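Input: a single structure, listed below in structure tokens.
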Amino acid sequence: MKTLTDTFSALRKKNRKNYTLYFICNFTALLLITAYSAILTSPTVLLVLPEGGDSRKQAMMIFALACIGCVIFTIYAGNIFFRMKSRELGIFLALGTSKKVLRNHLYKDTAVTSLSASLLGTSLGIPFAWSIWQLFRLLVVDSTEMRLVLDFRCLLIPAAFILIILLFAFLLGRRTLYRTNIMDVVNEEHKNEPVRDVKPWYASVGILLMILGGTAGYFGPTIYQVVFRRFSSPFLPLLYIPLFIGLYMFLLHIVVRGFGNHKKHPYKGIISRSMMKFHGKQTVNNMMVIALLVAGGAFALFYIPTLQTSQAMQVKSTPYDYSFHYPIGQPVPEKEEIADLAKDYDLSIKDYKEEATILLGMSTTVERTTDDGKLYTVYEEFANEGTFLTASAFEFLTGQKTEVAPGTYKAVSNEDETDTYWLTSGADQIINMTTMKKLPVTFDGYLHYSLFSGRSNYYVLNDTDYENMEVGLGDEWKEHQVLFNIDGEDNYEFADKLFHVFMDALGEKYAISSNYDRVVKYGRSVNGKSYFLDEPEYAADAKVDYADCDGSTFRFGWKYMPSFKMLDSTDFVRTTAVYLMLFFFITIICVMAALIICYTRSISIVLNNRYVFEDLKRLGASPAFLTKEVKAQTRKIFFTPSIIGMVAMYFFFSMIMYANDGTISFTEIASLLVCLALLFVLVLIIWIVYNATVRKMKQMLGIQQPKNMNRVMQVE
């Protein structure tokens with residue numbers, strides 16, 4: 001060797017395992033971050049995730065969690081890397097090499113390794129995301145809406161991430177190099193970060209703090225709105241802090257004390273527990289990140305069965321095969337035309353029912369928000385538009401005995417009354433929007449019929465009140481409701497044909513979003529204000545595009561979208577494909593990041609404790625015993641935080657379902673059971689990676705299990 005550069009090159013070849021581990025961590029972090037950024041910023045995804053909506057907020061929240069996790073495990077990988085290099089740096093210093101010379105070579109070495117790994121991960125991130133997306137289209141569902149469009153400005157996120165990695169790499173390198181004591185540098189590799197003993201109550205207090213933090217974080221915004229009359233505060237997320245403190249305390253208890261009673265059996269598992277304890281700070285930090293990543297992945301995974309199960313059960317329970325409503329005077333197919341169309345598909349219709357409905361304005365007290373987020377209540381004469389039927393019409397269509405007292409009205413919800421968000425239960429008058437005639441009313445409870453629940457806002461009036469309010473009402477405020485069944489087995493081609501015939505009959509005039517409320521618009525005009533959906537920047541939210549009739553935006557947003565059981569059941573996956581793919585992708589990213597941290601931390605056990613295992617071998621420990629100790633530590637790293645994350649998120653998700661309406665419906669119970677089954681699949685995946693990691697650790701330690709090993713040395 002003639003130069004220091006040659007020496008560093010030789011050392012790099014000799015210690016290629018350390019470089020490889022550091023390279024893989026940086027590469028994987030950038031691969032995941034770039035892939036996630038590409039999907040999350042894709043116009044394909046943003047088009048179906050409304051700005052400010054819960055779905056987009058959830059995706060962004062989990063993305064932030066994944067970024068934090070990736071930052072932590074890359075810093076941790078860098079820390080391992082420099083711990084392994086500390087000995088050779090100390091030797092160079094002891095031989096008289098100046099720190100300035102070493103610093104330049106170290107920074108260059110670090111920059112080359114970090115940048116090459118990061119740039120490779122970034123360059124492959126978008127192809128990785130594109131491949132998963134296309135595989136989903138190939139194997140699950142494909143549609144026009146699923147065509148992936150990428151915005152390459154997403155690369156700004158991994159670019160910032162690369163700068164963070166380099167910054168921490170240089171800081172860690174500088175910290176290692178600029179120690180005042182050369183022997184500290186030499187022996188850095190063998191230093192541990194033990195944690196002090198913890199009290200037995202750490203576990204119970206940790207669990208209580210997790211419950212408190214999760215509950216306070218979720219219900220805090222609602223309580224804040226009620227108490228302070230403001231929509232939100234930037235400090236509300238701090239309510240989740242007890243959750244993280246509790247998680248840390250619980251994991252600390254597990255690392256130090258484990259699950260058993262060690263006062264009764266003080267020597268049981270003493271070797272594996274001691275190894276964990278001697279590296280306790282690093283272990284707890286890593287386990288905490290793993291738990292949070294798995295929890296985020298589980299939350300995204302739960303979105304899929306919740307959406308699917310709810311839709312499947314709703315379609316199954318729908319009493320009529322076909323249901324649609326339309327403005328009177330429009331050339332939509334009538335009974336005879338529908339029957340003739342059905343004949344073309346060897347079908348016949350039965351149970352055909354049709355009734356008139358009217359659209360009226362409703363007056364009530366509503367809650368509004370000022371520009372600075374302050375909440376206030378105001379009485380609005382023209383608060384919203386509602387669809388009204390007579391009690392006899394509702395009884396005819398549904399077969400339910402219905403009575404509505406004069407001067408009252410009833411709202412139509414589903415059987416569980418979990419779909420009341422869009423219904424007005426505090427109206428004190430209804431208004432004929434043509435003559436402006438008003439009728440004082442009071443709310444008299446709910447009727448139940450799933451076909452009429454949702455954003456259509458159906459209400460039922462006394463027959464006489466209905467007739468009085470209908471007098472003088474213009475045709476633009478009148479509609480028809482049609483229901484019928486198919487005699488025999490339905491046909492998808494017929495349902496699709498009828499859907500397009502119905503859509504074409506209404507024409508562009510009625511390509512209206514269900515968000516568009518003509519009563520609210522009139523009320524704004526009376527007060528000399530403009531209706532926000534008439535403003536140019538919101539024009540896209542006011543209309544739907546018939547050309548996009550197979551997409552989720554159209555099918556969930558069209559005011560006159562019919563309910564055809566055959567279409568609802570067959571096309572649902574295609575309609576919601578972007579939602580499903582996004583949250584499935586989030587699950588993949590979070591779980592992959594968690595498993596990489598598990599693997600990295602487990603491998604570090606070999607690197608940090610290999611001399612302990614060598615001593616155990618010299619003392620006569622059998623391969624079976626050494627394998628047992630390896631598994632004991634690896635099992636804690638893989639399964640303890642993963643199970644905690646999954647269980648905590650499962651209970652948190654159940655709490656959300658209950659808090660939405662104060663009850664757990666049968667549909668929600670079914671969804672939770674499916675979620676539970678998916679968690680078992682997730683555990684199986686973790687178990688497979690765990691076994692592969694154990695095999696790798698045994699290989700690194702040189703542990704070879706004899707085929708006919710019948711006796712295990714009982715050292716403990």
Side-chain angles (χ1 to χ4, degrees), residues 54 57-58 61-62 64-65 68-69 195 198-228 232-261 280 283-303 305-306 590 594 636-637 639-665 668-669 671-676 678-680 682-683 686:
D54 289 341
K57 289 179 181 178
Q58 292 164 6
M61 178 187 70
I62 301 174
L65 185 64
I68 293 171
V195 293
V198 299
K199 303 297 182 182
W201 48 263
Y202 261 56
S204 55
V205 172
I207 293 173
L208 289 176
L209 285 175
M210 283 192 286
I211 295 173
L212 175 64
T215 305
Y218 182 77
F219 291 104
T222 303
I223 297 173
Y224 179 84
Q225 290 179 20
V226 173
V227 174
F228 297 100
S232 64
S233 167
F235 300 104
L236 286 174
L238 297 178
L239 294 173
Y240 283 104
I241 288 179
L243 186 152
F244 300 107
I245 296 175
L247 177 60
Y248 187 86
M249 292 178 65
F250 186 68
L251 290 172
L252 197 61
H253 181 275
I254 292 173
V255 168
V256 176
R257 289 179 167 265
F259 294 101
N261 184 356
T283 302
V284 173
N285 292 338
N286 279 265
M287 291 173 74
M288 188 168 178
V289 175
I290 294 166
L292 294 175
L293 285 171
V294 172
F299 184 82
L301 187 64
F302 291 165
Y303 185 92
T306 301
C590 287
K636 273 189 179 181
I637 294 171
F639 291 104
T640 299
S642 299
I643 297 299
I644 291 173
M646 287 187 278
V647 171
M649 184 51 66
Y650 188 79
F651 281 108
F652 183 73
F653 197 75
S654 302
M655 183 187 72
I656 292 175
M657 285 190 170
Y658 178 80
N660 283 338
D661 46 44
T663 184
I664 297 287
S665 66
E668 290 170 335
I669 291 174
S671 298
L672 288 174
L673 290 175
V674 177
C675 291
L676 188 61
L678 289 176
L679 289 183
F680 281 106
L682 203 56
V683 170
I686 295 172

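Since the structure is predicted, the reported quantities are computational estimates derived from the model, not experimental observations. Numbering of residues begins at 1 and proceeds along the displayed sequence.
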Please give me the minimum heavy-atom distance between [X] and [Y], naming the atom from each residue.
| X | Y | value |
| --- | --- | --- |
| Gly296 | Cys590 | C-SG, 4.3 Å |
| Leu239 | Gly220 | CD1-CA, 3.7 Å |
| Ala216 | Pro221 | O-CD, 4.5 Å |

Approximate separation, where rounding is to 0.5 Å, of [X] [atom1] and [Y] [atom2]:
| X | Y | atom1 | atom2 | result |
| --- | --- | --- | --- | --- |
| Met287 | Ile637 | CE | CD1 | 7.0 Å |
| Leu292 | Leu247 | CG | CG | 6.0 Å |
| Tyr202 | Leu251 | OH | CG | 13.0 Å |
| Leu679 | Leu301 | CG | CG | 7.0 Å |

Fill in: Criterion side chain to side chain contact (heavy atoms under 4.5 Å, CB included) on Tyr248 and Met210, from CA distance to verdict
CA-CA 10 Å; Tyr248 187 86; Met210 283 192 286; over 6 Å; no
Item to complete: Please report the C-alpha distance between Glu668 and Ser654 in whole Å, then the side-chain angles of each, then the deciding distance to 0.1 Å, and finally whether the side chain to side chain contact (heavy atoms under 4.5 Å, CB included) criterion is met.
Response: CA-CA 9 Å; Glu668 290 170 335; Ser654 302; over 6 Å; no
Item to complete: Return the set of residues passing side-chain contact (heavy atoms from CB on, under 4.5 Å) with Ala203 (not counting sequence neighbours), or none when no residue passes.
Response: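 Checked Ala203 against side-chain contact (heavy atoms from CB on, under 4.5 Å); matches are Phe250, His253.
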Worksheet item: With Leu208, which residues qualify under side-chain contact (heavy atoms from CB on, under 4.5 Å), at least two apart?
Response: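 So Leu208 forms no side-chain contact (heavy atoms from CB on, under 4.5 Å) with any residue.
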List the residues meeting ring pair (Phe, Tyr, Trp, His ring centres under 6.0 Å) with [X], not counting sequence neighbours, and say none if there are none.
| X | value |
| --- | --- |
| Phe653 | Phe299, Phe302 |
| Tyr240 | none |
| Phe219 | none |

Can you give me every donor-acceptor pair (side chain of residues 643-652, partner residue at least two apart or in another chain, under 3.5 Å) with its distance?
{"from": "Tyr650", "atom 1": "OH", "to": "Leu672", "atom 2": "O", "distance (Å)": "2.9"}

Worksheet entry | Criterion side chain to side chain contact (heavy atoms under 4.5 Å, CB included) on Ser642 and Phe639, from CA distance to verdict | CA-CA 5 Å; Ser642 299; Phe639 291 104; 5.5 Å; no
Discussion item. Go through it in stages, so that I can follow the logic: the residues are Leu678 and Leu682, the test is side chain to side chain contact (heavy atoms under 4.5 Å, CB included), and I'd like the CA-CA distance, side-chain angles, deciding distance and then a yes or no.
Written reply: CA-CA 6 Å; Leu678 289 176; Leu682 203 56; over 6 Å; no
Worksheet item: Is there side-chain contact between Thr306 and Cys675, with heavy atoms separated by less than 4.5 Å?
Response: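 Yes - at least one pair of side-chain heavy atoms lies under 4.5 Å apart.
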Worksheet item: Is there side-chain contact between Met657 and Ser671, with heavy atoms separated by less than 4.5 Å?
Response: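 Met657 vs Ser671: side chains touch.
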Worksheet entry | Side-chain donor/acceptor of Thr215 to backbone N/O of Leu212, under 3.5 Å | no
